[in-house]
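Here is the structure we will look at, set down as structure tokens.
Along the sequence shown, residues carry numbers from 1. Every number for a ligand or one of its atoms is a count from 1 in the order of the listing.
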Amino acid sequence: MDFEDSPEEAAFRAEVRAWLKANAEPKRHERDFVGDGLPPAERLAAARAWQARKAAAGYAAVTWPRELGGADGSLVQQLIVQEEERYFRSSFGIFEIGLGMCLPTLMAYGSEEHKARRVRPGLYGEEIWCQMFSEPAAGSDVAGVLTRAKPEGNHWVVNGQKVWTTGAQFSDFGLLLARTDPTVPKHAGLTMFFVDMKSPGIEVRPIRQMDGGSEFSEVFFTDLQVPDHQRLGEVGAGWKVALTTLMHERMSVGTEIGLLNFDALWALVKGAGRLDEPLAVDYLADAWVAEEGLRLHHCRSLTALSRGGVPGPEQSIAKLVKATLAQRMAIFALHLRGEAAQVDGDDIASDMGVVARTWTRSASMRIAGGTDEILRNIIAERVLGLPEEARLDKGIPFNEIPR
Ligand SMILES: Cc1cc2nc3c(=O)[nH]c(=O)nc-3n(C[C@H](O)[C@H](O)[C@H](O)COP(=O)(O)OP(=O)(O)OC[C@H]3O[C@@H](n4cnc5c(N)ncnc54)[C@H](O)[C@@H]3O)c2cc1C
């Protein structure tokens, strides 16, 4: 990748920067979003309004086809928009799952009619999506899902439970991974659907988190009817479809965690007058090296994608490094700032709650989208080509696996 902008790219960057200056407010810290501090409904409305404005300007999904609401742009242009938007207040992440994972999956496997009806509203923030893969007994081993979909006429009847579904309580649609054939080995008996979250037969129960928020939910299905035309991919090919979603997930989580960063840590250390302490210098150096590594890794991925590649297992590296780094930095910042760092909330915390929020969020980021251990397994086996871990259920029909 050439790190200097070409004249065309420089012109595009100037255009994006000028648009952002005219349409958005500068960020006060890494996790500063439009509508922060407003009641939930108004915050969501502010996020939707921002998303619609960005989509209308052609900056919401630069590479997507124009007829679906994108801008037919290049990956480098997409990167330029992301880089420039980092300095401005944008929406709080409610559209990330739809835009980063569900809609790319729908575009890859959905019918022309569904693409035409669902992609544009998702892009404009009118429809929100969630991803329903994890279950109480199927997280890391997501191919072990028990939620059952049985065919009946031209629809499927779904019964079961999902958990940790981010944004389910706000969502209009969701991707659903279900077991359609328990008599074959676990990866072969899965099918992917998308469902209308307001359908009868779906109950969403939000989960209360330790940071006071409630970003994810349990979702229960009782005789939910899903039309067969909402199936994504072939019957029994759900694992292949799920891998498409998961690779997009690791790529977007890896780049968009957006917690305490090097600049914020530098300001904290400087503010505390501790720039000459070896331990502080060590942490700062680690943070800088890791952030620069992540940036270059992201550029390399984009180069591969711009040559026609798809997000591959190496995307796991970015998520693993960034989540671990965020937690290390938060622990150091907590030591540095003492009790003051524990205060959350824009209005009362002197650092606008960045340290406290990074601390509470970073633990979950090491789990979401694949735990550290699972990502290490993927990197070992599929990037480095090391021997596979023992898989005792391999080749055994799902309904014969002891549980
Ligand atoms: C913030 C957040 C948001 C989430 N959002 C969503 C969402 O929107 N949709 C969704 O479907 N899911 C979501 N999840 C769920 C997430 O995908 C799972 O939590 C994750 O995959 C881990 O599964 P688990 O919690 O069942 O843990 P388990 O799989 O039970 O793992 C428990 C421990 O065992 C370790 N372990 C398991 N298997 C192995 C192995 N083979 N080798 C080594 N160690 C192993 C794990 O690393 C972990 O430490 C979210 C989770 C979080 C934290």
Any atoms of ligand 1 less than 4.0 Å from a non-hydrogen atom of Phe133? List them with their elements.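 Counting atoms of ligand 1 from 1, those under 4.0 Å from Phe133 are 11 (O).
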Mark up the atoms of ligand 1 that fall under 4.0 Å of a heavy atom belonging to Ser364, in ascending order. 1 (C), 53 (C)
The one among [options] that brings a heavy atom closest to [atom]:
atom	options	result
atom 39 (C) of ligand 1	Ile207, Ile374, Val219, Leu375	Ile374
atom 22 (C) of ligand 1	Val163, Thr371, Leu175	Thr371
atom 27 (O) of ligand 1	Ala368, Ser171, Gly369, Ser140	Ser140

Find out whether the Lys NZ or Arg CZ of Arg403 is both under 6.0 angstrom from the six-membered ring centre of Phe398 and within 45° of the ring's axis. yes
Cation-pi between Arg118 and Phe194: NZ/CZ under 6.0 Å from ring centre and within 45° of the ring axis? no
Taking the side chain as every heavy atom from C-beta outward, state whether [X] and [Y] have any pair of such atoms under 4.5 Å apart.
X	Y	answer
Phe12	Glu15	yes
Phe170	Cys130	no
Gln131	Leu246	yes
Phe133	Val145	no

Are [X] and [Y] ion-paired here, with the side-chain N under 4.0 Å from a carboxylate O?
X	Y	value
Glu314	Arg300	no
Lys394	Glu388	yes
Lys115	Glu112	yes
Arg366	Asp372	yes

For ligand 1, which is the ligand I care about here, please tell me if [X] has any N or O atom under 3.5 Å from one of the ligand's N or O atoms.
X	answer
Ser134	yes
Phe216	no
Glu373	yes

Which residue supplies the protein heavy atom nearest to [atom], what is that atom called, and how far is it?
atom	answer
atom 41 (N) of ligand 1	Glu389 OE2, 3.1 Å
atom 3 (C) of ligand 1	Thr166 OG1, 3.3 Å
atom 7 (C) of ligand 1	Trp164 O, 3.0 Å
atom 20 (C) of ligand 1	Ile367 O, 3.7 Å
atom 24 (P) of ligand 1	Gly139 CA, 3.9 Å
atom 9 (N) of ligand 1	Gln131 O, 2.7 Å
atom 42 (N) of ligand 1	Asn377 ND2, 3.5 Å

Name all pairs fulfilling the side-chain hydrogen bond (donor to acceptor under 3.5 Å, both in side chains) condition that reach into residues 227-237, sequence neighbours left out, sorted by first residue then second. His114-His229, Trp156-Asp228, Asp228-Arg231
Look up [atom] and tell me if a protein heavy atom lies less than 4.0 Å from it?
atom	value
atom 33 (C) of ligand 1	no
atom 11 (O) of ligand 1	yes
atom 15 (C) of ligand 1	yes
atom 53 (C) of ligand 1	yes

Mind checking whether Lys162 has a heavy atom under 4.0 Å from ligand 1?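 It does not, in that no heavy atom of Lys162 comes within the 4.0 Å cut-off of ligand 1.
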Would you mind telling me which of Glu203, Gln161, Met132 makes a side chain to side chain contact (heavy atoms under 4.5 Å, CB included) with Phe221?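 The passing option is Met132.
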